[in-house]
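One structure below.
From a predicted model like this one, the values you see are computed outputs, not experimental measurements.
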Amino acid sequence: MSMSESERIALAARLHVALRRKHGRVTDTEWMATNAEYAAEIVRMTRAHAAETKDEDLYLLATRLEQAMEPLARAARLAARGASNGNPPNPLARYVGGTR
C-alpha cells in the first residue's frame with residue numbers, strides 16, 4: 001500500500017526530529033518526502049548512524065521511509081530509463097489509452 005504525500009511528510013518529520021535530537025542533523029522534511037534520491041541518501045546516512053549507535057528505532061524509521069518512497073523511486077528509475085533510451089519522459093503516459 002502506498003502512502004499519501006501527507007503521510008510521507010509526517011514520516012519524514014518523525015525522522016527529522018529523531019535525527020536532530022540523536023545526531024544533531026538537520027534535514028529538509030518536505031524534500032525528503034518528495035524526492036526519492038534525497039530520501040535514499042537520508043536512509044543511507046540514518047542507517048549508518050543507527051548501526052554505529054545501535055539505535056533500532058532510528059533504523060526502523062529509515063526502513064519505513066525507504067518503503068514509503070519506493071513508488072517514487074520506481075517512477076524515477078523508469079523515467080531515467082526512458083531518458084537514457086533517447087526518449088523524453090512522457091508526462092501523459094500514466095493515462096491509459098492516451099489523452100484523446
Side-chain angles (χ1 to χ4, degrees):
M1 180 171 112
S2 79
M3 288 186 171
S4 69
E5 183 174 346
S6 63
E7 290 171 318
R8 287 192 314 269
I9 289 173
L11 177 57
R14 284 188 63 199
L15 184 54
H16 169 85
V17 169
L19 286 170
R20 175 69 186 227
R21 184 171 29 92
K22 296 177 179 189
H23 190 46
R25 174 72 89 170
V26 176
T27 60
D28 186 325
T29 302
E30 189 171 344
W31 192 238
M32 190 188 319
T34 58
N35 184 282
E37 286 184 45
Y38 182 70
E41 181 57 22
I42 294 297
V43 166
R44 186 203 61 74
M45 182 266 310
T46 301
R47 283 187 173 146
H49 180 70
E52 181 182 304
T53 60
K54 298 180 180 23
D55 189 329
E56 187 176 333
D57 292 332
L58 204 53
Y59 185 87
L60 292 174
L61 280 172
T63 299
R64 286 185 61 204
L65 179 64
E66 181 178 53
Q67 291 168 348
M69 294 302 293
E70 180 51 34
L72 294 178
R74 189 177 323 114
R77 287 190 302 269
L78 289 173
R81 188 176 306 141
S84 69
N85 292 337
N87 301 325
N90 182 357
L92 302 178
R94 68 176 190 218
Y95 297 101
V96 176
T99 57
R100 297 182 211 205

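- Applying the ring-ring contact (aromatic ring centres under 6.0 Å, His included) definition to pairs two or more places apart or across chains, those involving residues 5-28 are His23-His49.
- Summarising the geometry of Leu58 relative to Ala18, their closest heavy-atom pair is CD1-CB, 3.7 Å, with the distance given to 0.1 Å.
- The minimum heavy-atom distance between Ala68 and Leu11, with the atom names listed, is CB-CD2, 4.0 Å.
- Around CZ of Arg20, the count of heavy atoms belonging to other residues, nucleotides or ligands within 6.0 Å does not exceed 12.
- The side-chain hydrogen bond (donor to acceptor under 3.5 Å, both in side chains) test applied to Arg25 returns no partner, not counting sequence neighbours.
- Under the side-chain hydrogen bond (donor to acceptor under 3.5 Å, both in side chains) criterion, the residue pairs touching residues 51-68 are Lys22-Asp55, Arg47-Thr63, Arg47-Glu66, with sequence neighbours excluded.
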Side chains of residues 38-46: which donor-acceptor partners sit under 3.5 Å, not counting sequence neighbours?
residue, atom, partner, partner atom, Å
Tyr38, OH, Asp28, N, 3.1
Glu41, OE1, Arg44, NE, 3.1
Glu41, OE2, Arg44, NE, 3.0
Glu41, OE2, Arg44, NH2, 2.5
Thr46, OG1, Ile42, O, 2.7

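- Taking the side chain to side chain contact (heavy atoms under 4.5 Å, CB included) definition, one finds that Ser4 meets it with Ser6, Glu7, sequence neighbours left out.
- Contacts of Glu5 classified as side chain to side chain contact (heavy atoms under 4.5 Å, CB included), with partners at least two apart in sequence or in another chain: Arg8, Ile9, Thr34.
- The number of heavy-atom neighbours closer than 6.0 Å to CD of Glu30, taken from other residues, nucleotides and ligands shown, is 12 or below.
- Scanning for side chain to side chain contact (heavy atoms under 4.5 Å, CB included) contacts around Ala13 gives Thr29, with sequence neighbours left out.
- Under a hydrophobic clustering in which Ile, Leu, Val, Met, Phe, Trp and Tyr are joined whenever their side-chain heavy atoms come within less than 4.5 Å, directly or via other members, Trp31 and Leu15 fall into the same cluster.
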